[in-house]
Each structure stands twice: as C-alpha cells, then as structure tokens.
> 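Starting off with a structure, shown below.
Read the numbers this way: they start at 1 and go in the same order the structure lists the ligands and their atoms. Everything numeric here is computed off the predicted structure, so don't read it as measured data.
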Amino acid sequence: MTDIRNIVVLTGAGISAESGIDTFRDAGGLWEQHRVEDVATPEGFAKDPDLVLGFYDMRREALTKVEPNDAHQALARLEREFSGELLIVTQNVDDLHERGGADNVLHMHGELKSALCTSCGTRSAWDAPMLNRPACPVCQAPTLRPDVVWFGEMPYQMERIYAALRSADLFVSIGTSGAVYPAAGFVRDAREMGAATLELNLERSEGSYWFHESRQGKASELVPEWVDEVLGD
Ligand code: NAD
C-alpha cells in the first residue's frame, strides 16, 4: 500500500460497539430503548425536552463507564505513523477516538461532550447534566441543548469532508450501516472521484455494493489488521 497518500476514514456506531455502546441496529432500530424519532429529532426535542435532555445526560454519563477498544487505538496509531494525509470522520457522538489517542477527529454529528446554546448559537465544551437547565457559559441563557446533529439537521463541516474526499485515494468505512445520509453517500462520492473504497463491518452494509472491497468481522480485529497493512508492518 505504499502508493496510498490520502486516506479518509469514516466511522460509525459499530466501532464503539465492542466498548459497550449500543448501535441502532443491535437495538433493533431503538437507541438504548428509545425510538429514534423521540430522542434524535428537533420535533422530539420540542415535544418533550425533559425526555431528550435526560436521555443525552445519561449517554454522556455512560461515557465514564466505557473504554476505547483496539479499533480506536489502531486508528490513533495510523494517525501517528502514516506519512500521508489522514482524516478521521466519525458519525459517533462519543469521545472514544480521542481517548484512544487520535487528535484530529471530525465529529460530523456533534459530540455528547459539547453543548449548543439555542439563544446565542455558541458551542461550548460540556461535561455536566443539562436537564436542570444550566446557563450558557457565553450568554447566560438557560437554553442549552445537546450539540448533537439530529435527523433533519445539517451535519458539521461538510465542505471540509468533501474536500478531503476529492483528494482521497482511499476511503475506508468502519462499523456503519450505510443507512444515514449524507455519510452513507460518501463511498459513492469518493469512488466517483477516483478513490479505492474499503468497508470493514460486522456484516455487509446497505451500501456494500459501492465498495471495491468489503471485509466482514469485528472492528477490534479488522481495523488493527488493516492498519498494519497500510503501515507495512
Ligand atoms: P448503525 O447502528 O446504523 O450501524 C452500525 C453498524 O455497525 C451495523 O452495520 C453493524 O453491523 C456494525 N457493527 C456492529 N458491531 C460491530 C463490530 N463489533 N465491528 C464492526 N461493525 C460492527 O450506526 P451508524 O451507521 O453509525 O448510524 C447511526 C447514527 O447513530 C449515527 O449517526 C450516530 O451519530 C448515531 N449513534 C452514535 C453512537 C455512538 O456515538 N457510539 C451510538 C449509536 C448511534
């Protein structure tokens, strides 16, 4: 793989599954026993803000009980040792890539440990509950919401992602079902712009057809193996 100079990696809930964080799929379309429409849409938040704030408070709290796994650590190693360009784009709102040692992770769907003020629009690092309506650190209004991109909202940094996809010669998708757009379309975009495409997932995803190569297995095994290949170990 010595000719690979630009890699874009996309990760989804599957990379964190072995750390003990439920994916949508494993829970049968539910997220930790809740319907996605109730806890991951602006309409759900408008209808029952306490349910939604409490749900993300629990998700944030749950991060203290999980650890990054070998897949997160292998990607951090790739970031440290790869001599070309690497962009890790994650759909995950957990902090396991960072705790696994990666420095430069683009959270396109936001982060549990960030708050978005609906009054002043500021995003602030956040590690406390929101159900009790704390004040925004910037404007003091008690109007914080989880800084998580819900269904129907625009993901973060799409221009930067598409710029990286345009120059990528390898696009790798890890632990994602290929059901949530626009991320599910990245493989097609990358391929049309000339990149080789590889899927590492427990099972063939919905978008599997678009990948040049698809490997099935656990992320904690497939990702370290693939990183060894790229680094020539
Ligand atoms: P998804 O739940 O739709 O799909 C997860 C995929 O991972 C499935 O295809 C499954 O087969 C695969 N998988 C499960 N265990 C695996 C393992 N051990 N190794 C490799 N693959 C494995 O998740 P998605 O595609 O990321 O989309 C769901 C959305 O839900 C995302 O937008 C994300 O923001 C949100 N979400 C995030 C988290 C998190 O932050 N950890 C958890 C659940 C949902």
> Side chains of E206 and S177: donor-acceptor distance under 3.5 Å anywhere?
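Result is no, nothing qualifies.
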
> Do L202 and ligand 1 have an N or O pair less than 3.5 Å apart?
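So ligand 1 has an N or O lying under 3.5 Å from an N or O of L202.
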
> Does R166 make a cation-pi contact with Y162, if we ask for NZ or CZ under 6.0 Å from the ring centre and within 45° of the axis?
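No - R166 does not lie over the ring of Y162 by the 6.0 Å and 45° rule.
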
> If hydrogens are left out, which of D94, L96, L200 has an atom nearest to atom 39 (C) of ligand 1, that is, the closest non-hydrogen atom?
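Comparing heavy atoms across D94, L96, L200, the nearest one to atom 39 (C) of ligand 1 lies in D94.
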
> For atom 3 (O) of ligand 1, which candidate among S177, A13, G175 provides the closest heavy atom?
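Result: the heavy atom closest to atom 3 (O) of ligand 1 is in S177.
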
> Checking side-chain hydrogen bond (donor to acceptor under 3.5 Å, both in side chains) against H107, which of K113, E98, Q157, Q91 comes through?
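It is E98, the one option of K113, E98, Q157, Q91 that forms the side-chain hydrogen bond (donor to acceptor under 3.5 Å, both in side chains) with H107.
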
> Look only at interatomic distance and state if G178 has a nitrogen or oxygen under 3.5 Å from any nitrogen or oxygen of ligand 1.
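In fact, backbone or side chain, G178 has no N or O that close.
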
> Which side-chain hydrogen bond (donor to acceptor under 3.5 Å, both in side chains) pairs, counting each pair once, include a residue from residues 45-54, with sequence neighbours left out?
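Checked against side-chain hydrogen bond (donor to acceptor under 3.5 Å, both in side chains) - neighbours excluded - the pairs reaching residues 45-54 are D50-R133.
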
> Using a distance-only test with no angle check, is there a side-chain donor-acceptor pair under 3.5 angstrom linking E213 and T197?
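No, T197 and E213 have no side-chain donor paired with an acceptor closer than 3.5 Å.
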
> Should the proximity of I21 to ligand 1, defined as any heavy atom under 4.0 Å, be assigned to the side chain, the backbone, both, or neither?
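Answer for I21: side chain.
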
> Do any N/O atoms on V93 end up under 3.5 angstrom from N/O atoms on ligand 1?
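Right, the criterion is met.
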
> Could you verify whether a donor N or O on one side chain and an acceptor N or O on the other, from S220 and D70, lie under 3.5 Å apart?
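Absent: no donor and acceptor within the cut-off.
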
> Does R191 make a cation-pi contact with F186 (under 6.0 Å, within 45 degrees of the axis)?
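No cation-pi geometry.
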
> Taking heavy atoms and a distance under 4.0 Å, where does D22 meet ligand 1: side chain, backbone, both or neither?
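For D22, only backbone atoms sit under 4.0 Å from ligand 1.
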
> Which of the numbered atoms in ligand 1 are below 4.0 angstrom from a heavy atom of K218?
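The list of qualifying atoms is 19 (N).
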
> Side chain, backbone, both or neither: which part of V180 comes within less than 4.0 Å of ligand 1 when only heavy atoms are counted?
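Side chain only.
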
> Looking only at non-hydrogen atoms, which of H109, Q91, E203 approaches atom 32 (O) of ligand 1 most closely?
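Looking at heavy atoms only, the winner is H109.
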
> What atoms of ligand 1 come closer than 4.0 angstrom to any heavy atom of E18?
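Selected atoms, number and element: 17 (C), 18 (N), 19 (N).
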
> Which donor-acceptor pairs under 3.5 Å do side chains of residues 138-146 form with protein atoms, sequence neighbours excluded?
residue : atom : partner : partner atom : Å
Q140    : NE2  : P137    : O            : 3.4
T143    : OG1  : S119    : OG           : 2.7
R145    : NH1  : E153    : OE2          : 2.9
R145    : NH2  : V148    : O            : 2.7
R145    : NH2  : E153    : OE1          : 3.1

